[in-house]
Every structure is written in structure tokens, then in C-alpha cells.
Amino acid sequence: MGPGEDEVLQAEELSDEEVARDWTPQEKALHEAKVKAKAKRRIRRTSSRDSARESESSDCPVDPLSPREKGHDRKSRMGKGRGLPKKGGAGGKGVWGAPGQVYTYQEPDARDPNYDEAAQGDTVYQKVIPELDETELQHTVQPMVKEYFEHGDTGEVLALLRELNLGSQKPGVPRLAVSLSLEGKASHRELTSCLLSDLCKLMSEEDMAQAFDRLLSDLSDLILDTPEAPQMLGQFIARAVADHALPLDFLDRYKGRVDCDHARAALDRAAVLLRIKREIIRLDNVWGVGGGQRPVKHLIKEMNLILQEFLVSGQVSEAERCLRELEVPHFHHELVYEAVVLVLEGSAEGHVLMAVKLLKALWESGLITLDQMNRGFERVYSELPDLTLDVPLAHNVLEKLVDLCYQEGVITKQLRDSCPCRGRKRFVSEGDGGLVKQ
């Protein structure tokens, strides 16, 4: 007797016990139908389970319900899929791939945790510097050019540029240098011309030509900040052609091809300079001689002209502008010296007041520093004995000037006290024999 029949008998016994109750015929018939249906379901379930166990026991003697057998079951436990092994039988822990699969040689991956660098043979390390783009070039070269305007050493600039990977951005270096010098002083433009001449060691003439091509096309924007940009750019072109930084046929390339009036003015300016200076190899004076490169005699003459013009016009702002354009802050003590000497030789009341006014304005603006002011007055103090030979009242005028300058805060108390005073002679009574006492 099978297990299914036992369950059926048990179900019949339960049904007999329940029939013993006092049920109506309808309830009794409904209850018997439910019991029979339940017994049939149990019989079908147990019969299918027994048939599966018999088929598995014939293939494998291992208990199919054991945990070990469940661990090796590669069929889906979610009730999904076609019941095939995962990854075609090539997956799982401790599996080296599908049966019969042959692996070929693969290049080692540096990101592999088991990558051994020493086992890969000789390794060559090379420093790679990325090429600068236009924005990075501007941020890098612009401070470099501004610093060059302070020290004027082209060798340092070239050394810094060699450390950069300019690549296709080489024409951007002279373009930025010229653009910055247009907004600066004449001495800055002279330094820029010297830099353009030395940049030929790093770039070709064609790179320089591309830089000036870009500047000519940008003249409409440059003229907004610098109205004299076309004339200045023409002088740059003429100087670069004379220094062999630009090709000799650079101007010929634009004949009949220029539509912009500003670019035409710049090219005409360059052509005129090259035509006039044809016999001169270098246009060294195209920007004038500025700063400390001027002779001392020339600077002294310029200081005297500034003072004489101020005594006539009385315009302090014009005197400040002319003094700034000389670009010799280390030589401003000469202006102080010449102003004091001019007052001593003139001995006019108006000249004294105007000199004090000028020195006070230059002191407050910062053009003349404390050191330069002291040096100018000390030079007068040391040469006062010689000045007294030509101007007997020099001591009196100098004392008055020094007192006024001290009252206006131009000089310090120490400098005022160091002013030399002339000893006064007096004659004693006749009883002393007419001796003169110092």
C-alpha cells in the first residue's frame, strides 16, 4: 500500500468522524466533496515527487535533498530561465573556463593588481610637457613679459620660454609682448624690440610674421586703448625688419591687399622708416633714448628746461609729466639741486616761493623720494662756499629757502639743522685796537 493510499484512508477516517456529527444532508454532501478533492490533490503531488526521486536515484546515488547537492546545482533557483548552467558552464568559483577553451597571449595591463613592472624588461621614463593653449599661454607669458620690463634681461626670458612647450603657440609670445608695450612707456617698447630680435633663437621668421599678421588684424581693438597704435606698430615692424626678425619681403606681401585703414597706416609708417634709414643696419633710435641710457649732460639740460618752463608757466602738472617721461628716478636729486641753485642765483622772492611750491608738489606725489631730496640739498650744502663767491647773499637765501621747505614738510628737521650758517663779523670798540673778532 503506497503513501498516497494511506493518506486517502486517513482522510476517509476523518470524514467518518465528521459524518458522525449532526449535519444536514446538504452540508454532509458538500463536506464529502471537499475531502475527496483534497485527497486527489495529495495523490497527484506525491506521485510526481516519487517519480522524480526514482529518476535521480538511478543517475546519482547521492541524496538529492542534501545541502551538498544543492550547492552544486547550477540551475536557477528563482524559477526563471531555461534551466541551463550559468555562463555556459564556464563560470563559478575555481572554474578556468569552458571545456576545450584555449587562451592566447594577452598584453600585460598596468592597472592589473598582479602587474609586475620589473618583469616587463627595460622601462624608459620620459618627461612629457603638454602643449599650451591660447589661454594658458596668456596666463604664463604675460607676467613673464611684465617682469622683463623691470629687469630687461632677455636671456632670462628665453630660458623660461625654453621650459615651455609652445608648439603652435609660438607666434603668441611676440604678439603679447608688443600688445603690452603699446600700453607702456617708450623704454618698454625699446625693450620689446630687443626681445623680438633675440626671440629669433627660439622661432623662425615666419612665426614672427604670423604674430605681426595677427597684430595688424587686431588694430581696430588695440586703437581703443592706444590711439597711436598704428604708428607704434609700424615702428615695431620697421625695427623688426632691420633686426632681421621679420622677412625682408614682409611689407611686399601686403601690397594691394590691405582693406583696413589702420593697418595701411601702420604699413606706410614702416615703409617710410625703412626708406629713410636704408643705409642704417639697425633702427636703434626709433623709440628714442630713454631712461638711464641718456648721457648725464643731456639729463642735466632736461632738468634745467623743466625748471625754466615751470618758472614761466607755473604749471606743476606739466613739470610732473616731463619729469616722469625722463624715466630716471635715480637722478631726481639733480632736479632738487638745480632748483635750489636757480633760486640762489636769482635771489628773487617769487623764485623762492615757486621753488618751494614745486618741491612740495613733487614730494607729495612721490616723484621725489626722501633720499633724493636729502641728496639734492646736501650737494648744495657741500658746494655752498663756491656758490658764495658768485652770490654773496647765498647763505641768507638758502636759510630762508630751507626754513620754508621745513615749514611745508618737504625736508626733515635733521636736514634743516645741518644747513651751514655764515658767521657774522663785528667790530669791537676803539679801545680794543680796532681788532676784528670772528
Side-chain angles (χ1 to χ4, degrees), residues 290-292 294-427 436-438:
R294 301 184 182 185
V296 175
K297 292 183 179 180
H298 178 77
L299 293 176
I300 294 175
K301 183 180 178 179
E302 292 291 336
M303 299 288 184
N304 287 323
L305 290 176
I306 292 174
L307 291 173
Q308 293 175 6
E309 183 180 355
F310 171 72
L311 292 177
V312 173
S313 63
Q315 297 181 359
V316 178
S317 59
E318 183 67 16
E320 291 182 2
R321 185 187 65 81
C322 295
L323 187 61
R324 289 181 188 274
E325 289 182 355
L326 289 179
E327 300 180 14
V328 283
H330 59 282
F331 202 65
H332 286 175
H333 61 85
E334 181 67 25
L335 181 68
V336 179
Y337 171 79
E338 295 292 341
V340 176
V341 171
L342 185 63
V343 171
L344 295 180
E345 294 177 350
S347 301
E349 185 71 19
H351 288 180
V352 175
L353 297 178
M354 293 190 71
V356 174
K357 177 183 176 182
L358 177 62
L359 293 177
K360 180 182 178 181
L362 297 177
W363 167 261
E364 293 178 348
S365 63
L367 273 177
I368 298 181
T369 61
L370 177 62
D371 177 65
Q372 297 294 316
M373 189 71 72
N374 291 341
R375 289 183 62 184
F377 274 94
E378 288 172 357
R379 287 178 58 191
V380 177
Y381 293 167
S382 62
E383 298 180 9
L384 189 59
D386 296 334
L387 293 173
T388 307
L389 299 177
D390 298 330
V391 185
L393 299 177
H395 281 85
N396 298 333
V397 179
L398 181 60
E399 289 179 3
K400 184 178 180 180
L401 177 64
V402 169
D403 291 337
L404 290 175
C405 289
Y406 175 72
Q407 293 174 7
E408 296 293 337
V410 177
I411 62 176
T412 61
K413 184 177 183 300
Q414 182 181 1
L415 186 61
R416 186 200 64 173
D417 295 341
S418 62
C419 178
C421 298
R422 181 178 183 180
R424 294 178 294 176
K425 297 180 180 180
R426 70 178 181 88
F427 290 89
V436 178
K437 292 186 177 181
Q438 297 293 336

Q: Nearest heavy-atom pair of I411 and F377: which atoms, and what distance?
A: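 Smallest heavy-atom distance, with atoms named: CG2-CE1, 3.6 Å.
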Q: Roughly how far, to the nearest 0.5 Å, is CG of L299 from CG of N304?
A: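 N304 atom CG to L299 atom CG measures 11.0 Å (nearest 0.5 Å).
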Q: Thinking salt bridges, do E378 and R375 make one under a 4.0 Å N-O criterion?
A: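 Looking at R375 together with E378, the answer is no, because their closest N to O distance does not fall below 4.0 Å.
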Q: Once you round to the nearest 0.5 Å, how far does CZ of F310 lie from CG of L323?
A: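 That separation rounds to 12.5 Å.
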Q: List the atom of E399, the atom of P420, and the distance in Å for their closest heavy-atom pair.
A: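 The answer is OE2-O, 4.2 Å.
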Q: With rounding to the nearest 0.5 angstrom, report the CG to CG distance, L384 to L389.
A: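 Interatomic distance, L384 CG to L389 CG, rounded to 0.5 Å: 10.0 Å.
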Q: Identify the two heavy atoms, one from Q372 and one from V336, that lie closest to each other, and give their separation to 0.1 Å.
A: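 Q372 and V336 have their closest heavy atoms at O-CG2, 4.3 Å.
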Q: With a 4.5 Å heavy-atom cut-off, do E320 and S365 have their side chains touching?
A: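 Yes, their side chains come closer than 4.5 Å.
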Q: Might you work through the side chain to side chain contact (heavy atoms under 4.5 Å, CB included) test for L326 and M303, ending with a clear yes or no?
A: CA-CA 9 Å; L326 289 179; M303 299 288 184; 4.1 Å; yes
Q: What's the shortest heavy-atom distance between Y337 and V380, and which atoms?
A: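 Residues Y337 and V380, closest heavy atoms: CD1-CG2, 3.5 Å.
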Q: Side chain of H351, backbone of L342: donor and acceptor closer than 3.5 Å?
A: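 Side chain of H351 to backbone of L342: no pair is present.
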Q: Between L307 and L358, is any pair of side-chain heavy atoms under 4.5 Å apart?
A: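 Yes, their side chains come closer than 4.5 Å.
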Q: If I compare all heavy atoms of Y381 with all of L415, which pair ends up nearest, and what's the gap?
A: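 Shortest heavy-atom contact: OH-O, 3.2 Å.
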Q: What are the two closest heavy atoms between W363 and G409, and how far apart are they?
A: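 So the two residues come closest at NE1-O, 3.5 Å.
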Q: Using 0.5 Å steps for rounding, measure from the CG atom of L344 to the NZ atom of K400.
A: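 Result: 12.5 Å between the selected atoms.
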Q: Measuring from atom CE of M373 to atom CG of L335, what distance do you get when rounded to the nearest 0.5 angstrom?
A: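 So the gap between those two atoms works out to 9.0 Å.
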Q: Side chains of M354 and L311, heavy atoms from C-beta outward: is any pair under 4.5 Å?
A: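 The answer is yes; the side chains approach within 4.5 Å.
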Q: Test side chain to side chain contact (heavy atoms under 4.5 Å, CB included) on L353 and L404; report intermediate values, then the result.
A: CA-CA 8 Å; L353 297 178; L404 290 175; 4.1 Å; yes
Q: Would you say that L359 contacts E408 through its side chain, given a criterion of any heavy-atom pair below 4.5 Å between the two side chains?
A: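 The answer is no; the side chains never approach within 4.5 Å.
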Q: I need the H330 NE2 to T369 OG1 distance, nearest 0.5 Å.
A: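 That separation rounds to 12.0 Å.
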